[in-house]
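Proteins come first, then strands; the chains are lettered A, B, ... in the order of their sequence lines, and each starts at number 1.
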Number of protein chains: 2
Amino acid sequence: MNHREWSAWLQLVGTFTLLPAALDSQLQREAGMTHFEFGVMVALSRQPDRRLQLKDLAVVANGSLSRLSHVISRLERRGWVRRTSGTKGRATYADLTDKGFQKLMATGPIHLREVRRLVFDVLTPEEVKALKQVTGRINAGLLDGIGLGELGRRARDRSRRQSC
Amino acid sequence: MNHREWSAWLQLVGTFTLLPAALDSQLQREAGMTHFEFGVMVALSRQPDRRLQLKDLAVVANGSLSRLSHVISRLERRGWVRRTSGTKGRATYADLTDKGFQKLMATGPIHLREVRRLVFDVLTPEEVKALKQVTGRINAGLLDGIGLGELGRRARDRSRRQSC
DNA sequence: CGGAATAAGTTGACGCTTCAAGCGCTTCTA
DNA sequence: TAGAAGCGCTTGAAGCGTCAACTTATTCCG
């Protein structure tokens, strides 16, 4: 790891330590919700029928199913989301309620203003482009890794089982 | 917020959701420590005498004093760090023990390999340069915000006091 | 000098995330 | 068609972070 890489690494660590903390703190203060919860609600609001199966929601929101289940319970308690037992077997859907949609409409602009202030106001258009490219590549690797990891694990489990 | 910015934002959120999770998970599994704890120990190890006052450690590690106090307690329980009441008044120092240093020597390479795999292996040298530049600018803004906030608060408090 | 403000650090409670275990539908497959 | 395996989801406990309150030492200032 050369000098430039090390210094880039320190900066990256700084960003993913400070930025989520800043966003969470602001959303918590001004809207009583987490950044993750906000992301979940945004994902729901972008669907035509404002609903999504938990399994898919987990992928979109980059979270585990377990985490999502807890989060949906909290959002349900606040009346922003409702669980719906889907018609097909074990599927569970999360529906954004009207109250949840209104909350989102009220919160969105506040949050976006903060994002703009903390991120895009300090970057030139070329830097934005570079940011998108770099994070895109890192994420591809991360998601790839997960995919490979799961497949690998399953394959391993299967072969282990066969060998017994 | 235009289209390119929005897409860059989604990628950035993905990165700071997935990357810390991946790093924490690996460090937890293979070394029984958090990424933040690792960072704290690295910071200590870089000092000539392997010690740092908590207040300064907090700045270096991008964490609150409270968080640090808890973390140091945990590290102390594992024998990797020792608290030392400094000679000057209320200062408290954190000392990296020999055991802690050895642990760090054993863990460092494992972690760095993962960092390389997840981040630098997927980036070209130009992208590394861009990453450093962009995150550097964002962090400057974030720290500035804090700095301004504190200075602002103090100035406000002072002027309020004077006006009474 | 003496009291107020401040700075450094600690603590405990509360909320969120993770991890492991478990439950109940499906879908294979023998 | 019955049993096994897998999937989608839930749950409870344990660990970590944050916040607010508190303690103690220090500095400022009249």
Quickly work out the B/Arg77 CZ to D/dA14 P distance and round it to whole Å.
15 Å
Using a 4.0 Å heavy-atom cut-off across all strands, classify A/Arg83 as base, sugar-phosphate, or nothing.
sugar-phosphate
For B/Arg82, does the CZ atom have more than 12 heavy-atom neighbours from other residues, nucleotides or ligands under 6.0 Å away?
no
Using a heavy-atom distance cut-off of less than 4.0 Å, which residues of residues 53-62 of chain A contact DNA chain D?
A/Gln53, A/Leu54, A/Lys55
How long is the gap from CG on B/Leu19 to OG1 on A/Thr135, to the nearest 0.5 Å?
11.0 Å
Could you check whether any side-chain heavy atom of A/Asp95 comes within less than 4.5 Å of a side-chain heavy atom of A/Val81, counting everything from C-beta outward?
no
As an exercise, state the distance from CD1 of B/Ile72 to CD of B/Glu37, rounded to the nearest 0.5 Å.
9.5 Å
A side-chain contact here means heavy atoms from C-beta on lying under 4.5 Å apart; do B/His111 and B/Glu30 qualify?
no
Do the side chains of B/Glu126 and B/Lys129 get close enough for a salt bridge, i.e. N-O under 4.0 angstrom?
no
Is the closest side-chain heavy-atom distance between A/Lys99 and A/Lys103 below 4.5 Å?
no
With a cut-off of under 6.0 Å to the ring centre and 45° to the axis, is B/Arg67 in cation-pi contact with B/Phe36?
yes
Readout for nucleotides 23-29 of chain C: B = base within 4.0 Å of protein heavy atom, S = sugar-phosphate only, - = neither; 5' to 3' it is --BS---
Value in whole Å for how far the P atom of C/dT18 lies from CD of B/Gln26
16 Å
Rounding to an integer number of Å, can you tell me how far B/Phe16 CZ sits from C/dT17 C1'?
16 Å
Pair B/Glu127 + B/Lys132: basic N to acidic O under 4.0 Å:
no
Side chains of B/Arg116 and A/Glu5: does their closest heavy-atom pair fall under 4.5 Å?
yes
Name the pairs: protein N/O against N/O of nucleotides 16-19 of chain D, kept only if under 3.5 Å.
residue, atom, partner, partner atom, Å
D/dG17, OP1, B/Arg67, NE, 3.3
D/dG17, OP1, B/Arg67, NH2, 2.5
D/dG17, OP2, B/Arg74, NH2, 2.9
D/dT18, O4, B/His70, NE2, 3.1
D/dC19, N4, B/Ser66, OG, 2.7

For side-chain hydrogen bond (donor to acceptor under 3.5 Å, both in side chains), just list the numbers for A/Arg83 and A/Ser73, CA-CA rounded to whole Å, side-chain angles, deciding distance to a tenth of an Å, and then say yes or no.
CA-CA 9 Å; A/Arg83 256 183 253 252; A/Ser73 298; 2.5 Å; yes
Rounded to whole Å, please give me the gap between CG in B/Leu65 and P in D/dA20.
16 Å
How close or far is atom C1' of D/dT10 from atom CG of A/Leu68, stated in whole angstroms?
12 Å
